[in-house]
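Only one structure is covered here, and it is reproduced in the block below.
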Amino acid sequence: MPFGKPKEPKAPKEKKEKKPKPPKKEKPPKKAKPPKKQKPPKKPKKGQQPPAEGEELGLEQEQKKKPIILLLIPIALIAVAAVVVFFFVLPHLRGDGGDDPATVETEEPVPPELPEELMVGDVSVPGMTLEADESGAQAVLAKTVTYTYTNLNDAGKVAETYVGQLRGADPGFSIVDEELVRQTEKPDFTTPEGMVLMARNLPKPESEAKETPAPTEAPEDESPLPEGESAPPEESEDVASPNPEESAEPVEEAPDMVITVRITWSEGQCVVTADEVEGKVTSPPSNGAPGVTPSVGVREAEDQLMAMTPAELGLPGESMADYEVMAQNGIEMVNDDERCIRIDVYNGSTGPNPYEFVGTYLISTNGAHLYRLNPTTNQLEELDFTLKP
C-alpha cells in the first residue's frame with residue numbers, strides 16, 4: 001500500500017524547432033599548378049653532335065634502370081655462392097660425398113674364388129666350395145712333395161742308403177725326432193717296417209749391408225820446407241760429431257725354416273715325403289754330469305773332429321786320417337753368446353793336393369754345437385754332432 005501523496009504527472013515538453021542551417025559557401029576552384037620546368041639538355045662534348053629530343057628521353061630511362069641493375073648483381077652473386085656451398089662445400093665437410101647415408105648401397109660379401117678341381121696325377125678331385133661368409137679365404141698350394149718307390153727287394157736297406165746320402169749332402173741333413181732335436185742313434189733298418197725323419201736348417205735371407213763412404217785423404221803439402229825449419233804444429237780443429245742416426249723402425253725378423261724328409265719303408269716300397277716347415281734343428285744337451293758343463297779346449301776340439309767321419313763333416317773320403325786339423329788360438333763368438341774354437345782343415349801330405357785348405361769349423365767350448373763355415377755365403381751351418389768322451 002503506497003504511503004504519501006500521489007505525484008501529479010508532468011506535462012510533456014514541447015520540442016523546439018531547429019533553425020535551418022545557412023548554405024555552405026562554395027570553395028573557389030584550385031589554381032592549376034604550373035608545368036615543371038624541364039632541365040636544359042646537357043651540353044655535348046667537343047666533337048659530338050647534340051642529341052635529338054627522342055634520344056634525350058632514352059638517356060633518362062637508361063639512367064633510371066642503372067640502380068635496378070646494380071641491385072640485381074649482388075643478389076645474383078649471393079645465389080651463385082649459395083649453390084656452390086650447398087652442392088660442393090657441404091658434402092666435403094660432412095665427409096660422405098653429399099650422399100644421403102640412407103641411400104648409400106653397401107657391398108655384399110662375395111664368395112672367394114677358389115680352384116674348382118684338384119689334380120691328383122691324372123685324376124681330378126672337386127675343390128672346396130665356400131660361402132660368402134668366408135670371402136677372405138685363399139687356396140695356397142703346399143710345398144709338400146711325396147714320392148713312392150715300389151718293387152724294392154729290400155726297402156729297409158734302400159732307406160738306410162738314402163739316409164747316408166742325405167747326411168753326406170752339402171748342406172747335410174741330420175736324423176731328428178718330431179721336435180727337430182738331433183738323434184745319435186739310427187733306427188733299425190732290418191725291421192720290415194719303419195720310419196726315419198731327416199732335417200736341416202734353411203739359411204735366413206741376408207740383410208742388405210749399407211755401404212760406408214770411403215774416408216777422404218787430406219791433401220799433402222808438396223812444397224819442401226827450408227833446412228833448419230820444422231813444420232808448424234797442426235792446429236786442432238773441432239770436428240762436430242754427426243748427429244746420431246734416427247733409430248729405424250724394427251723390422252720383423254723372418255722365422256726359422258727347416259726342410260724335412262720323412263722316409264717310411266714297408267715290404268717292397270719306400271715313401272719319401274719332403275716338406276718345408278717352421279722351426280729349427282737343435283742338438284741335444286751334452287752328456288756331462290748333472291749341473292756340470294763340460295769344457296772343450298784347443299786339443300780336445302782337434303780330437304773331436306778327428307774322431308768323426310769325413311761324411312759327417314761334409315768332406316770326401318772315408319777316413320779323417322787323410323786330413324790334418326789345426327785349431328786356432330783365441331775364442332770366436334757365435335750368435336753373440338756362444339764361445340767357440342775355430343778349427344781349419346787341410347788335405348794330408350799324401351793326397352793329390354797336399355796341404356790344401358778344405359774347410360773351417362767352429363766347435364762350442366761347452367761341446368754342444370759344431371758349425372761349418374760356408375765359404376760362399378759366409379754363413380754358419382750347424383752339423384750333426386755329439387761330444388764324444
Can you tell if the side chain of [X] reaches within under 4.5 Å of the side chain of [Y], non-hydrogen atoms only?
X      : Y      : result
Met306 : Val325 : yes
Thr146 : Thr144 : yes
Leu383 : Glu312 : no
Thr360 : Ile343 : no
Val358 : Tyr323 : yes
Thr282 : Leu180 : no
Glu117 : Met119 : yes

Atom [atom1] of [X]: over 12 foreign heavy atoms under 6.0 Å:
X      : atom1 : result
Ile331 : CD1   : yes
Asp188 : CG    : yes
Asn329 : CG    : no
Met326 : CE    : no
Lys388 : NZ    : yes

Does this structure show an ion pair linking Glu302 with Arg299, if we count only N-O contacts that are shorter than 4.0 Å?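 Judged by the 4.0 Å cut-off on N to carboxylate O distance, Glu302 and Arg299 do form a salt bridge.
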Determine, for Glu178 against Arg262, whether the closest basic-nitrogen to carboxylate-oxygen distance falls under 4.0 angstrom.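 Answer for the salt bridge query: yes.
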Drop me the distance from [X]'s [atom1] to [Y]'s [atom2], to the nearest 0.5 angstrom.
X      : Y      : atom1 : atom2 : value
Leu305 : Ile363 : CG    : CD1   : 6.5 Å
Cys270 : Ile263 : SG    : CD1   : 6.5 Å
Met320 : Asp322 : CE    : CG    : 9.0 Å
Ile341 : Leu362 : CD1   : CG    : 10.0 Å
Glu278 : Leu202 : CD    : CG    : 11.5 Å
Gln269 : Glu267 : CD    : CD    : 10.0 Å

Return yes if some donor-acceptor pair links the side-chain N/O of [X] with the main-chain N/O of [Y] below 3.5 Å, else return no.
X      : Y      : answer
Asn353 : Glu356 : no
Ser174 : Val176 : no
Ser135 : Pro109 : no
Glu332 : Gly330 : no
Glu324 : Val345 : no
Glu300 : Gly297 : yes
Glu381 : Asn201 : no

Under 6.0 Å between ring centres, would you say that holds for Tyr355 and Tyr346? no
Verify whether the ring centers belonging to Trp265 and Phe189 lie closer than 6.0 Å.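 That pair passes the under 6.0 Å test.
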Do [X] and [Y] land in one hydrophobic cluster if side-chain heavy atoms of ILVMFWY residues count as linked below 4.5 Å?
X      : Y      : result
Ile175 : Phe385 : no
Val281 : Ile259 : no
Leu370 : Leu373 : no
Leu315 : Phe173 : no
Leu387 : Leu313 : yes

I'd like to know whether Met198 forms a side chain to side chain contact (heavy atoms under 4.5 Å, CB included) with Val163, so could you lay out the CA-CA distance, the side-chain angles of the two residues, the decisive distance to 0.1 Å, and finally the verdict. CA-CA 8 Å; Met198 310 289 292; Val163 168; 3.9 Å; yes
For the residue pair Thr260 / Asp275, report whether a side-chain donor-acceptor contact shorter than 3.5 Å exists.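 No, Thr260 and Asp275 have no side-chain donor paired with an acceptor closer than 3.5 Å.
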Asp344 and Gln328 side chains, donor-acceptor separation under 3.5 Å: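 Looking only at side-chain atoms, Asp344 and Gln328 do form a donor-acceptor pair, the distance falling under 3.5 Å.
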Taking every non-hydrogen atom, the tightest pair across [X] and [Y]:
X      : Y      : answer
Val258 : Ala199 : CG1-CB, 3.7 Å
Ser364 : Cys340 : CA-SG, 3.7 Å
Leu130 : Ala137 : CD1-CB, 3.5 Å
Ala301 : Val296 : N-CG1, 3.7 Å
Pro316 : Pro310 : O-CB, 3.6 Å

Applying side chain to side chain donor-acceptor pair (under 3.5 Å) to Gln183 and Asp177, what does each step give before you reach the verdict? CA-CA 7 Å; Gln183 302 297 304; Asp177 58 11; 3.2 Å; yes
Check the pair Glu338 / Tyr371 against side chain to side chain donor-acceptor pair (under 3.5 Å), numbers first and verdict last. CA-CA 12 Å; Glu338 190 173 11; Tyr371 304 94; 2.8 Å; yes
Is there a side chain to side chain contact (heavy atoms under 4.5 Å, CB included) between Arg182 and Glu382? Walk through the geometry before answering. CA-CA 11 Å; Arg182 292 185 176 90; Glu382 189 172 0; 3.1 Å; yes
